[in-house]
2 protein chains.
Amino acid sequence: MGRPRGFDEEAVTAAAAALFAARAYDGVGVDDLVQQLGVHRNSLYKTFGSKRGLYLVALRWYSRHVLVPLADRLATGADTERCIADLVGRNDLDLLLLAAVERAPADAEVASVVAETLQLLQRALDRASADRGRITLSEILGERLRARAVFAPSDDDSVD
Amino acid sequence: MGRPRGFDEEAVTAAAAALFAARAYDGVGVDDLVQQLGVHRNSLYKTFGSKRGLYLVALRWYSRHVLVPLADRLATGADTERCIADLVGRNDLDLLLLAAVERAPADAEVASVVAETLQLLQRALDRASADRGRITLSEILGERLRARAVFAPSDDDSVD
DNA sequence: CGCATTTAGGAACGATCGTTCTTGACTGAT
DNA sequence: ATCAGTCAAGAACGATCGTTCCTAAATGCG
């Protein structure tokens, strides 16, 4: 009963995760979310409760649907180098980096998700490099941090 | 001529660096700065031009007066382990981490300072561990990131 | 067909953001 | 002592923040 929702909740969650990975939490306004996600304010607050609620859902979705598969692929031990190169070269780790540095110190729930996700990656890496054991998770995180630490004008800087 | 200023510019810069190291850039309001630095709005804008201006001055001051000495101590090669343990265990790296992850992608000048500072640390570490060469700068950054990724209720959360 | 219910679309809220302006107090040079 | 010039103190600005409210449109069920 009632009018059916005109958006895919998971797609919105994924898009929110992408936004929060590109900018800092406080740098992403609800207006940005509404505009880029195609969901309107009311639906957003009805579905996720608050901006922080959406952030937490997006963070958990990202951990489960982006990093867990990546950790699984890593844990098999095949293509380890390729996996690590992807982690450093692509932006898959960015939301985790931002959450760890910026939100976790101020938000216990975020800190909890970050801790679990880090453990997850740690175990996968331990398994992957049980024999080849050279690179550490810290080093991967540091490498990605350095790769991210460059000025990269975002696409919507020229948007009205 | 004129009334002499009632604050120490360098002390204010250092205090601002500490604030920006604890919270994210957007998480530190001008009100926070005014309140915790003891400087009043007018003086702050007269001296530093803007919030971003103060941030840049604080970041450069921090690079020069905190990380450069630390890099020098590291480059001597004496007490290398102690130096690294300090980098990971204390919060000396935090402003650099935040600047790298959060501000650099959105601010070219910040990115420039971060890049120079990272090079600085890299060279110092290269010199320090020319013989013992084990830990990388990326690993130190990653270690500190993980150490920071815990919920740490800040002192002024209970302040009115 | 209506009735109940949920969504979409925006206007609007108070609060806070970074910044500027106004006013008065203080000091150094004439 | 007086005047110019700087600083302190805080009110006030428009803009934007996260959030809520109101109204109209769209569906499943009787």
Side-chain angles (χ1 to χ4, degrees), chain A residues 1-13 15-17 19-20 22-59 98-99 102-103 106-107 109-110 154 156-160, chain B residues 1-13 15-17 19-20 22-59 98-99 102-103 106-107 109-110 154 156-160:
Chain A
M1 34 183 152
R3 176 175 175 173
R5 54 175 46 163
F7 65 95
D8 178 6
E9 185 168 327
E10 180 160 353
V12 164
T13 302
L19 268 184
F20 284 125
R23 303 178 190 265
Y25 178 78
D26 287 316
V28 179
V30 176
D31 288 345
D32 297 328
L33 293 165
V34 164
Q35 198 160 346
Q36 308 240 5
L37 272 51
V39 178
H40 268 72
R41 283 188 154 64
N42 226 340
S43 308
L44 198 151
Y45 277 89
K46 190 80 166 185
T47 309
F48 302 101
S50 65
K51 177 188 174 185
R52 176 173 174 271
L54 171 56
Y55 179 84
L56 280 170
V57 169
L59 181 61
L98 262 173
E102 186 215 355
R103 298 309 303 162
D107 190 318
E109 277 193 78
V110 172
S154 71
D156 39 42
D157 278 352
S158 55
V159 157
D160 331 340
Chain B
M1 34 181 155
R3 177 175 173 173
R5 53 177 43 163
F7 64 94
D8 178 6
E9 185 168 326
E10 180 160 354
V12 165
T13 302
L19 269 184
F20 284 125
R23 302 179 191 267
Y25 178 78
D26 287 316
V28 179
V30 177
D31 288 345
D32 297 327
L33 293 166
V34 165
Q35 200 162 344
Q36 308 239 4
L37 273 53
V39 178
H40 267 72
R41 282 186 154 66
N42 227 340
S43 310
L44 198 151
Y45 276 87
K46 190 81 166 186
T47 309
F48 302 100
S50 66
K51 178 189 174 185
R52 178 174 173 271
L54 171 57
Y55 179 83
L56 280 171
V57 168
L59 182 60
L98 263 174
E102 185 217 354
R103 297 310 301 161
D107 190 319
E109 278 193 79
V110 172
S154 70
D156 38 44
D157 278 353
S158 54
V159 157
D160 333 337

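Note on naming: letters A, B, ... go to the chains in the order of the sequence lines (proteins, then strands), and numbering restarts at 1 for each one.
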Q | Protein-to-nucleotide contact annotation, 5' to 3' order, nucleotides 13-23 of chain D [B base; S sugar-phosphate only; - none; under 4.0 Å, heavy atom] | A | ----SSBBBB-

Q: Quick one: list whatever passes side chain to side chain contact (heavy atoms under 4.5 Å, CB included) with B:Asp32, sequence neighbours left out.
A: B:Val28

For [X] and [N], what is the distance between atoms [atom1] and [atom2] respectively, to the nearest whole Å?
X: B:Lys46; N: C:dC21; atom1: NZ; atom2: P; result: 12 Å
X: A:His40; N: D:dA26; atom1: NE2; atom2: P; result: 15 Å
X: B:Gln35; N: D:dA9; atom1: CD; atom2: C1'; result: 14 Å

Q | A:Tyr25: partners by ring pair (Phe, Tyr, Trp, His ring centres under 6.0 Å), with sequence neighbours left out | A | A:Phe20, A:Tyr55

Q.
Using 0.5 Å steps for rounding, measure from the CG atom of A:Leu19 to the CG atom of A:Leu37.
A. 6.0 Å

Q. Please, which pairs that meet ring-ring contact (aromatic ring centres under 6.0 Å, His included) have at least one residue in residues 27-53 of chain A, sequence neighbours excluded?
A. none

Q) Considering residues at least two apart in sequence or located in another chain, which fulfil the side chain to side chain donor-acceptor pair (under 3.5 Å) criterion with B:Asp107? A) B:Arg52

